[in-house]
Amino acid sequence: QLKLVESGGALVQRGGSLRLSCVASGFTLDNYAIGWFRQAPGKEREAISCLNVDSDTKYRDSVKGRFTIFRDNAKNTAYLQMNSLKFGDTGTYFCAVRMLIGVPPLPDMCFDEGWWHYWGQGTQVTVSA
């Protein structure tokens with residue numbers, strides 16, 4: 001059984017920082033791409049960032065320079081470091097993975113939720129004034 005469990009979401013003030021974790025079990029992350037998505041109430045789920053096996057990354061424009069996606073394969077954990085948080089960052093954050101054969105370049109399709117194979121349950125991030 002494979003499983004992804006997100007944690008680290010919290011209520012934070014505008015301008016603050018959070019680090020979200022995504023712990024994988026039942027498989028090893030080292031040959032999987034990782035994605036982070038978020039969904040605000042009443043809105044569609046949107047991609048935040050994708051991380052390739054070779055550490056190549058993609059970010060949506062609204063988080064570039066503020067968010068960083070990375071992994072620690074020894075801990076079988078993926079992370080999303082979020083700095084300079086804004087009101088628009090509020091939402092439920094999800095991690096997702098997709099197994100890759102070799103290390104192909106990340107396609108733009110990684111921003112499409114249908115590209116991913118497995119999802120965690122989500123963790124809530126709320127940004128207040």
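None of these values were measured; they are calculated from a predicted model. Quick note: numbers below take in every heavy atom, side chains included, and nothing from hydrogens, waters or symmetry partners.
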Can you tell me how far apart [atom1] ([X]) and [atom2] ([Y]) are? Round to the nearest 0.5 Å.
X	Y	atom1	atom2	value
R60	F37	CZ	CZ	10.0 Å
L2	Y118	CG	OH	5.0 Å
W115	L106	CH2	CG	6.0 Å
L80	T123	CG	OG1	11.0 Å
L100	N52	CG	CG	5.5 Å

Residue pairs, two or more places apart or on separate chains, that pass side chain to side chain donor-acceptor pair (under 3.5 Å) and touch residues 65-79: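 Those involving residues 65-79 are R66-D89.
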
Side chain to side chain donor-acceptor pair (under 3.5 Å) partners of residues 8-20, not counting sequence neighbours, each pair once: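 As it turns out, the side chain to side chain donor-acceptor pair (under 3.5 Å) pairs with a partner in residues 8-20, which skip direct neighbours, are S17-N83, R19-Q81.
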
With sequence neighbours excluded, residues passing salt bridge (Lys or Arg N to Asp or Glu O under 4.0 Å) with D56: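 Checked D56 against salt bridge (Lys or Arg N to Asp or Glu O under 4.0 Å); zero matches.
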
Which residues share a salt bridge (Lys or Arg N to Asp or Glu O under 4.0 Å) with K43, sequence neighbours left out: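 Listed in chain order: nothing, the list is empty.
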
For a 4.5 angstrom cut-off between non-hydrogen side-chain atoms, does [X] reach [Y]?
X	Y	value
L51	Y32	no
V125	L20	yes
W119	E113	yes
L11	S128	yes

Residues in side-chain hydrogen bond (donor to acceptor under 3.5 Å, both in side chains) contact with Y93, at least two apart in sequence or another chain: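 For Y93, the residues satisfying side-chain hydrogen bond (donor to acceptor under 3.5 Å, both in side chains) (neighbours in sequence not counted) are R38.
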
Given 3.5 Å as the limit, does a donor-acceptor pair link the side chain of [X] with the main chain of [Y], or not?
X	Y	value
R98	A33	no
E6	Q121	yes
S84	G15	no

What are the two closest non-hydrogen atoms of [X] and [Y], and how far apart are they?
X	Y	answer
W36	I69	CD1-CD1, 3.5 Å
D30	V53	O-CG1, 3.2 Å
F27	K3	CE2-O, 3.9 Å
L4	A96	CD1-CA, 4.1 Å
A24	L29	CB-CG, 3.7 Å

D108, CG: over 12 other non-hydrogen atoms inside 6.0 angstrom: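 Atom CG in D108 is not packed in, count stays at 12 or less.
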
Joint cluster assignment, [X] & [Y], ILVMFWY side-chain distance < 4.5 Å:
X	Y	answer
F111	M109	no
L18	Y59	yes
I48	M82	yes

Within residues 61-129 or reaching into it, pairs that qualify as disulfide bond (SG atoms under 2.5 Å apart) - sequence neighbours excluded: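 Passing the test, one end in residues 61-129: C22-C95, C50-C110.
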
side-chain contact (heavy atoms from CB on, under 4.5 Å) between L85 and F67, intermediate numbers included: CA-CA 9 Å; L85 285 162; F67 290 12; 4.0 Å; yes

